[in-house]
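Below you'll find the structure, written out as C-alpha cells, and then a few comments.
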Amino acid sequence: MPELPEVEIVRRGLDQFVVGRRIHTVEVFHPRAIRRHVGGQADFIARLTGQTVDAARRRGKYLWLPVGEDALLAHLGMSGQLLVGPADAPLSPHVRVRFTFDDGGADLRFTDQRTFGHLLVSPDGAQLPAEIAHIAPDPLEDVFDLAWLTARLRTRRTGIKRALLDQSLVSGVGNIYADESLWRVKLHYARGADRLRPGQVAGLMGAVVEVFTEALKDGGTSFDSLYVNVNGESGYFDRSLNVYGRAGEPCPRCGTLIRRDPFMNRSSYYCPFCQRRPRNGRW
DNA sequence: ACTACGTCCTGCTTGC
DNA sequence: TGCAAGCAGGACGTAG
C-alpha cells in the first residue's frame, strides 16, 4: 500500500526526527527484515552502529538514509512502517528492527506485519544505492524524463497499467494510484502501452503527478492502520479516491457503476463507461 | 530480450 | 459457530 506519496510522508518524518542523530544501537528481531543485506546480521549492525544519519532520500517507493559513504536502504513493502517514538515504549509484536540514538531521545522502529518490506546497508550508496540502479526516476524528480518514458512505452507489448506498475519504466506508482490516474485520463488498464500517442502519455503522467500531489497534501492513503507516518498517524486521501476500492459505487464523473476486474493476482477498479475496454485487448 | 506469472507473508473478511 | 478459503499486494526469480 505505501506508494510514492506515503513513502514521501515517511521520508519527511525521518528528515525531521532522525537526520543529524548518531545511531547508538541496532537490534534485529526478525532475520527476514534484512534478508537482502548481503553481509548478514552482524555486518548490518556493525555498519550502522556509531554512524550519523546525514539525510533522508527517496526514489519511487525506496528511501535511504546516507550514513557517511554508505546508506541504510529501506523498502516498506506492503505493511512496513518506520516509527519514531519513546524509546521506553513496549515493543509491539511486529517490530523487526530497532535503532536507538546517542542523544537518548526517541528511537526508530521498523515495524512490518507482512514482512514484504526490508532494510539493507548499501556500501557507497549515499548518493544512489547500487541495489536500486534498475529503478527508474519517479515523476516528481527533476531527472524524470518524459520523452524517454514515451519512447520506452512505444516498444512495450503490454497493457498500460502493467507498464505503469513496472518500476524500471517509471517508479512510485502502485495499484491504487495507477487506477486513480487511469480514471482521470479515461484510459482502460488494458490499453496497449505502445498504442498511446505522446500526448496521451503526457496526459497520463500529468494525472499521476496530480494524484500524487493531492495525496501528499492529505498525508497519504490509509485504509487501515497498516500505513502511518513516523508518528503513527494515518493519512486521509482514501476519502478522495474516485475508483479504487469502490466497486458497485457510481462513477463520480458519469454515474456508471464502478467495476472491479481481477488483474495480476490483484484488482483493477475502473469506470466501464469512461474507460472503454479495448476491443481485442490492443486498441 | 522481453513478457507473464508464481511466490513470499500475516491478519482480516467472507462464505459455507 | 467454526473453520477454510479469499483477499490485500511490491518486487523479484523463473518460466515461457
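Please read these numbers as outputs of a predicted model, since none were measured by experiment. Numbered from 1 within each chain, the chains take letters A, B, ... in sequence-line order. In what follows, every heavy atom counts, from backbone to side chain, and hydrogens, waters and symmetry copies are set aside.
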Exercise for the section: Verify, without hydrogens or angle tests, whether A:Q275 (side chain) and A:L187 (backbone) share a donor-acceptor contact under 3.5 angstrom. Expected result: yes
Completion exercise
Expected string for nucleotides 9-16 of chain B under the B/S/- scheme (protein heavy atoms, under 4.0 Å, primed atoms plus P, OP1, OP2 as sugar-phosphate) is BBS-----
Exercise for the section: Before accepting this row, confirm whether a basic side-chain N of the pair A:R239/A:D218 lies closer than 4.0 Å to the acidic partner's carboxylate O. Expected result: no
Problem - Check: A:T25 main-chain N/O paired with A:T100 side-chain donor or acceptor under 3.5 Å - result: yes
Exercise for the section: Please report, rounded to the nearest Å, how far the P atom of B:dA4 is from the OH atom of A:Y189. Expected result: 13 Å
Handout entry: Distance in angstrom units between A:M264 CE and B:dT3 C1', rounded
Key = 10 Å
Problem - Test item: side-chain donor near acceptor, A:E249 and A:Y269, under 3.5 Å - result: no
Practice task
May I ask you to verify if any side-chain N or O of A:S267 is less than 4.0 angstrom from the OP1 or OP2 atom of C:dA8?
Solution key: yes
Practice task
Return the value, rounded to whole Å, for the distance between atom CG of A:L119 and atom P of C:dA11.
Solution key: 15 Å
Problem - Geometric cation-pi criterion, A:R58 with A:Y62: 6.0 Å, 45° - result: no
Exercise for the section: Output the rest of the hydrophobic cluster of A:F29: all Ile, Leu, Val, Met, Phe, Trp and Tyr residues reachable through side-chain heavy-atom contacts under 4.5 Å, sorted by chain and number. Expected result: A:L91, A:V95
Exercise for the section: Describe the nucleic acid contact of A:D112 in one word from base, sugar-phosphate, nothing, applying a heavy-atom distance below 4.0 Å. Expected result: nothing
Completion exercise
Taken to the nearest whole Å, CG/A:D179 to P/C:dG10 is 11 Å
Exercise for the section: Determine yes or no for a side-chain-to-main-chain donor-acceptor pair under 3.5 angstrom, with A:Q167 supplying the side chain and A:G172 the backbone. Expected result: yes
Exercise for the section: Rounded to the nearest angstrom, tell me the gap between atom CZ in A:R59 and atom P in C:dA11. Expected result: 14 Å
Handout entry: Nucleotide C:dA8, atom P - distance to CG of A:L165 in whole Å
Key = 14 Å
Handout entry: salt_bridge(A:E210, A:R184) N-O dist < 4.0 Å
Key = yes
Practice task
Answer with base, sugar-phosphate or nothing: what part of the nucleic acid does A:R35 contact at a heavy-atom distance below 4.0 Å?
Solution key: nothing
Fill in the blank from the handout: By nearest-nucleotide position on DNA chain B, the 5'-leaning member of A:T155 and A:R266 is A:T155
Exercise for the section: Let me know which of A:R156, A:R157, A:R154 forms a salt bridge (charged side-chain N to carboxylate O under 4.0 Å, His left out) with A:D194. Expected result: A:R157
Short N/O separations, protein against nucleotides 12-16 of chain C, under 3.5 angstrom:
{"residue": "C:dC12", "atom": "OP1", "partner": "A:R36", "partner atom": "NH1", "Å": "3.2"}
{"residue": "C:dC12", "atom": "OP1", "partner": "A:Y62", "partner atom": "OH", "Å": "3.0"}
{"residue": "C:dC12", "atom": "OP2", "partner": "A:H134", "partner atom": "NE2", "Å": "3.2"}

Practice task
Using only side-chain N and O atoms of A:R157, determine if any of them is under 4.0 Å from OP1 or OP2 of B:dC2.
Solution key: no
